[in-house]
Trainee: 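Handing you a structure now.
A, B, ... follow the sequence lines: proteins, then strands. Residue 1 opens every chain.
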2 protein chains.
Amino acid sequence: MQQSETAQIRLLLVDDDTKFCRLIAEYLGRFGYAVVAAHSGPEGLKMSLSEQFHAVILDIMLPGLDGFEVLRRIREQSETPVLMLTSLGEETDRIVGLEMGADDYLPKTSSPRELLARLRAVLRRSARAVCDDAAPAEITVGPLSINLNARLAMLGDEALPLTPVEFELLVVLAQARGRVKSREELINEIRDRHYDVYDRSIDVHVSALRKKLRDDPKSPRFIRTVRAAGYMLVYPPAGTAYES
Amino acid sequence: MQQSETAQIRLLLVDDDTKFCRLIAEYLGRFGYAVVAAHSGPEGLKMSLSEQFHAVILDIMLPGLDGFEVLRRIREQSETPVLMLTSLGEETDRIVGLEMGADDYLPKTSSPRELLARLRAVLRRSARAVCDDAAPAEITVGPLSINLNARLAMLGDEALPLTPVEFELLVVLAQARGRVKSREELINEIRDRHYDVYDRSIDVHVSALRKKLRDDPKSPRFIRTVRAAGYMLVYPPAGTAYES
DNA sequence: CCCCCAGTTTAAAGATTTTGTAAAGGTGAG
DNA sequence: CTCACCTTTACAAAATCTTTAAACTGGGGG
């Protein structure tokens with residue numbers, strides 16, 4: 001079941017309903033998130049401020065300090081993304097929560113699936129905010145260029161008809177160019193799920209991608225297999241001659 | 001966290017909700033912006049025209065003069081970047097805002113983080129666009145032209161009978177021409193609400209819009225489906241021949 | 001030098017996801 | 001009430017993903 005040494009996303013869930021916590025932890029766990037629960041306001045606040053978490057999911061109704069108060073105090077010191085939950089009935093709270101610096105806000109009655117979707121959106125936004133404009137819209141590797149805005153990869157002057165996963169795979173490899181990416185990392189980053197030893201789907205995608213790149217596993221121009229470790233996009237040392 | 005040694009960026013926030021102002025000021029303050037608040041239309045207008053601010057964040061619902069009116073009068077004399085906020089439940093009228101010269105437009109339900117991101121984008125743009133006209137009133141894509149003032153889209157010399165949402169959808173796509181817009185972004189920008197996985201309304205609007213544009217999903221002249229990502233208005237490379 | 005084994009490649013089949021669109025349902029303006 | 005419009009629902013079609021399994025590879029031990 002385990003997810004690894006690789007960067008795992010850690011979440012703090014603050015809610016006094018332990019059953020709910022278990023349920024959510026279990027659900028999010030299946031998608032590779034490590035969920036830790038706190039069951040009171042003060043406890044949640046303390047843990048939030050430990051800065052160990054990538055995001056906090058915060059119920060409003062809490063013993064000790066209510067969710068708004070916890071949020072306010074978190075925001076005094078930290079920018080950790082916070083997603084607030086409300087029990088039924090509280091209409092206007094949404095605005096109040098957002099005004100106070102919550103990153104999103106959703107009813108506790110939402111499906112876990114919705115929670116997951118919003119959570120991802122929040123994490124994505126916060127990841128982007130960190131590097132802000134730093135993200136280049138285009139990555140180039142020899143004759144290969146990848147346009148992130150248009151989601152289009154070109155080899156020479158020919159557009160490659162990649163499927164969504166193939167494109168993502170290429171992007172992830174390209175961003176880690178010169179470093180080996182394990183299958184686990186790849187599947188985590190691309191598909192948001194767990195890797196298990198018999199999972200060959202990454203291999204299959206690599207194979208398909210290579211075919212489209214006209215890349216030969218035995219003497220790769222782009223994707224090199226690193227036995228027992230994973231795959232890596234070659235980092236052409238200065239002076240490498242590519243020919244299309 | 002701070003914004004640096006360079007001269008501090010000064011922002012004017014015009015909103016009658018003082019609590020909201022405090023919270024935003026506090027949040028943006030953490031990123032090194034100096035935020036000054038005005039709580040009525042006339043006050044906001046007067047301060048905007050003092051030319052002391054690098055940008056203005058303007059709520060629409062205001063006592064005295066509403067946001068649109070304030071914007072109009074600012075634009076009579078000044079090109080200070082203006083970012084408009086719609087309050088909850090208000091009839092969103094992004095187009096009116098943009099057409100009047102707002103630089104960006106976002107729902108008040110957005111998170112502070114989002115506000116910050118857009119603000120940075122606006123500031124960046126305004127720094128760059130010293131000389132060129134802010135918001136073009138007309139966007140042209142091959143035989144398609146979109147007039148924001150008249151709220152009219154023409155295909156060749158024929159006016160398209162678009163519904164309000166279809167028109168906005170087209171505008172949003174056109175403004176992002178060449179970049180993929182996710183369904184989430186689209187629904188956020190057009191309808192001011194959250195996207196959830198089961199929400200197909202964007203697809204339906206796209207379908208309707210395509211029908212009116214006589215655009216075929218399989219080989220789109222205008223709107224391309226980017227599987228698992230969203231939609232994108234084609235950015236015709238220079239020299240592309242359109243025929244109506 | 002050959003065999004074996006863990007690890008890899010790949011085609012193919014089956015399962016799943018995503019999309020297009022018609023039609024039904026809902027809502028608000030007039 | 002009617003009309004215009006937006007959203008939801010439903011379902012089929014298309015595209016894509018994962019699994020499976022058979023063929024392959026490279027290196028170490030014999």
Trainee: The side chain of B/Arg210 lies closest to which of these nucleotides: D/dT7, D/dC6, C/dG20?
Mentor: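 Nearest nucleotide to the side chain: C/dG20.
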Trainee: Rounded to whole Å, how long is the line connecting atom CD1 of B/Ile202 with atom P of C/dG20?
Mentor: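 Interatomic distance, CD1 of B/Ile202 to P of C/dG20: 12 Å.
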Trainee: From the set C/dA11, C/dT9, D/dT16, return the single nucleotide nearest to any side-chain atom of A/Val204.
Mentor: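 Among the listed nucleotides, the one closest to the side chain of A/Val204 is C/dA11.
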Trainee: Hey, which sits more toward the 5' end of DNA chain D by its nearest nucleotide, A/Arg227 or A/Ile187?
Mentor: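 Its nearest nucleotide being more 5', the pick is A/Ile187.
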Trainee: Using a heavy-atom cut-off of under 4.0 Å over every strand shown, decide if B/Thr225 touches base, sugar-phosphate, or nothing.
Mentor: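 If one applies the 4.0 Å heavy-atom cut-off, B/Thr225 turns out to touch the sugar-phosphate alone, with no base involved.
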Trainee: To the nearest Å, how far apart are B/Lys211 NZ and C/dT19 P?
Mentor: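 One finds 20 Å between P of C/dT19 and NZ of B/Lys211, rounded.
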Trainee: If you check every side-chain atom of B/Asp199, which of D/dC6, C/dT19, D/dT8 has the closest atom?
Mentor: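 Of D/dC6, C/dT19, D/dT8, D/dT8 is nearest to the side chain of B/Asp199.
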Trainee: Check B/Arg75 with B/Asp103, please: is the shortest side-chain N to carboxylate O separation under 4.0 Å?
Mentor: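 Salt bridge: yes.
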Trainee: Taking atom P of D/dT19 as reference, at what distance in whole Å does atom CG of A/Asp196 sit?
Mentor: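 After rounding, the reported distance stands at 8 Å.
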Trainee: Check whether any side-chain heavy atom of A/Thr163 sits under 4.5 Å from a side-chain heavy atom of A/Lys212, and report yes or no.
Mentor: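 Result yes, sub-4.5 Å side-chain heavy-atom pair found.
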Trainee: Test B/Asp199 against every option in B/Arg193, B/Arg191, B/Arg183 by the salt bridge (charged side-chain N to carboxylate O under 4.0 Å, His left out) rule and name the one that passes.
Mentor: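 The single option meeting the salt bridge (charged side-chain N to carboxylate O under 4.0 Å, His left out) with B/Asp199 is B/Arg193.
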Trainee: Could you give the CG-to-P distance, from B/Asp192 to D/dT7, as a whole number of Å?
Mentor: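 Rounding to the nearest Å, CG of B/Asp192 and P of D/dT7 are 12 Å apart.
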Trainee: Quick check: does any side chain N or O of B/Glu185 sit under 3.5 Å from a backbone N or O of B/Ser182, one acting as donor and the other as acceptor?
Mentor: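 At least one qualifying donor-acceptor pair exists.
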Trainee: When you compare the side chain of B/Leu170 with that of B/Leu144, does any pair of heavy atoms fall below 4.5 Å?
Mentor: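 Yes, close enough: below the 4.5 Å cut-off.
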Trainee: Taking the minimum atom-to-atom distance to the side chain of A/Asp203, which one of D/dT8, C/dT8, C/dA11 wins?
Mentor: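 Among the listed nucleotides, the one closest to the side chain of A/Asp203 is C/dT8.
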Trainee: Is NZ or CZ of A/Lys108 both nearer than 6.0 Å to the six-membered ring centre of A/Phe20 and within 45° of the ring axis?
Mentor: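 Checked: cation-pi criterion met.
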Trainee: How many Å lie between NE2 on B/His205 and P on D/dT8, as a whole number?
Mentor: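 B/His205 atom NE2 is separated from D/dT8 atom P by 9 Å.
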Trainee: If you find the nucleotide of DNA chain D closest to B/Val165 and the one closest to A/Thr163, which residue's nucleotide is nearer the 5' end?
Mentor: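 Of the two residues, B/Val165 wins.
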Trainee: Closer than 4.0 angstrom, basic N to acidic O: yes or no for A/Arg22 and A/Asp15?
Mentor: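 Salt bridge flag = no for A/Asp15 with A/Arg22.
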Trainee: So, under a plain 3.5 Å distance rule, would you say the side chain of B/Arg200 forms a donor-acceptor pair with the base of C/dG20?
Mentor: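 Side chain to base: pair found, below 3.5 Å.
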Trainee: Send over the distance from A/Asp215 CG to C/dT9 P, rounded to a whole Å.
Mentor: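 So the CG-P distance, A/Asp215 to C/dT9, works out to 11 Å.
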Trainee: Nearest to the side chain of A/Arg191, which nucleotide is it out of D/dC6, C/dT21, D/dT18?
Mentor: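 My answer, after comparing the listed nucleotides, is D/dT18.
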Trainee: Take the C1' atoms of the five end pairs on each side of the helix from C/dC1-D/dG30 to C/dG30-D/dC1, get both axes, and report the angle to 10 degrees.
Mentor: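 Computed angle between terminal axes is 30°.
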Trainee: Atom NZ of A/Lys212 and atom C1' of D/dC17: how far apart are they, to the nearest Å?
Mentor: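 In whole Å, D/dC17 C1' lies 12 Å from A/Lys212 NZ.
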Trainee: Tell me, please, which residues at least two apart from A/Ala208 pass side chain to side chain contact (heavy atoms under 4.5 Å, CB included).
Mentor: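 Per chain and number, A/Ala208 pairs via side chain to side chain contact (heavy atoms under 4.5 Å, CB included) with A/Glu166.
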Trainee: Base, sugar-phosphate, or nothing for B/Tyr231, non-hydrogen atoms under 4.0 angstrom?
Mentor: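 Touches sugar-phosphate only.
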Trainee: Would you indicate, yes or no, if C/dG7 has its OP1 or OP2 atom less than 4.0 angstrom from a side-chain nitrogen or oxygen of A/Arg183?
Mentor: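 No, outside the criterion.
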Trainee: May I have the distance from B/Leu186 (atom CG) to D/dT7 (atom C1'), rounded to whole angstrom?
Mentor: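 B/Leu186 atom CG is separated from D/dT7 atom C1' by 16 Å.
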